[in-house]
Amino acid sequence: MSTSVLKPTRLSFQTRGLSVRFYSTRKSEINSDPQKDIIRRYLYPANIRNKATPTGTWRPDVARALQRAIPSVQAHEIIERAWLLHQRHLRKKREAELQRKFECMKQAMQELEEIDSRLFREANKQEDPRARSLAEVEAMKSMSEPEKRAVESRVRGLFPRELRVPADTPPRNGWPFEWRAFPRPLA
């Protein structure tokens with residue numbers, strides 16, 4: 001007889017301590033936080049069929065209410081088709097309005113090209129917002145970190161972030177007269 005058959009293998013000792021059904025238990029059952037469970041039950045109520053809840057996923061009175069309001073299937077289908085037709089009309093109206101605006105914009109760009117070709121090229125120039133000119137790079141070397149971040153975060157052509165909202169009263173600490181916006185060259 002072989003001695004390897006009589007000896008217990010190392011594998012049998014490892015698997016003996018493990019639970020067989022451990023894979024089927026949920027992690028929430030193992031390490032359950034009661035506060036998370038309360039929030040989960042409130043946000044995702046169970047599908048209980050014995051009471052109607054406005055936040056639940058099932059309401060027993062919906063079928064009766066629909067049957068009372070719309071007695072026939074044909075009437076329900078007609079109402080659904082009318083609603084889809086109404087949505088289609090709204091969609092077509094929106095698309096027509098967008099098309100009209102696009103045509104006006106195209107016409108304005110054509111007129112700008114006829115009037116001043118330099119302004120037309122400047123308006124249609126593709127620009128990398130991350131690109132910095134040599135003057136900006138040199139000026140940023142002498143700036144503090146918050147100023148550098150302000151310059152890097154500013155995208156050309158957008159509303160300046162550091163511009164304050166108009167208010168009825170002046171600020172408590174006064175106006176920062178020494179502050180100047182960083183001028184970005186056009187080219």
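Numbering starts at 1 and runs along the sequence shown.
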Are any non-hydrogen side-chain atoms of His89 and His86 less than 4.5 angstrom apart? no
Residue pair Gln99 / Glu95, side-chain heavy-atom distance below 4.5 Å: no
Nearest-0.5 Å distance that lies between atom CZ in Arg121 and atom CZ in Arg118: 8.0 Å
Side-chain heavy-atom pair Leu85, Arg88 within 4.5 angstrom cut-off: yes
For the residue pair Asn124 and Met109, establish whether any side-chain heavy-atom pair is separated by less than 4.5 Å. yes
Taking all atoms of both residues into account, what is the closest heavy-atom pair of Met143 and Lys148, and its distance? O-CE, 3.6 Å
To the nearest 0.5 Å, tell me how far Ile78 CD1 sits from His76 NE2. 11.5 Å
So, Glu147 side chain and Ser144 main chain: donor-acceptor pair closer than 3.5 Å or not? yes
Are there more than 12 heavy atoms of other residues, nucleotides or ligands under 6.0 Å from atom CG of Leu84? yes
Got a sec: does the CD of Glu97 have more than 12 other heavy atoms crowding it under 6.0 Å? yes
How long is the straight-line distance from CZ of Arg94 back to CG of Leu98, given to the nearest 0.5 Å? 8.5 Å
Lys/Arg N to Asp/Glu carboxylate O, Glu103 vs Arg100, below 4.0 Å: no
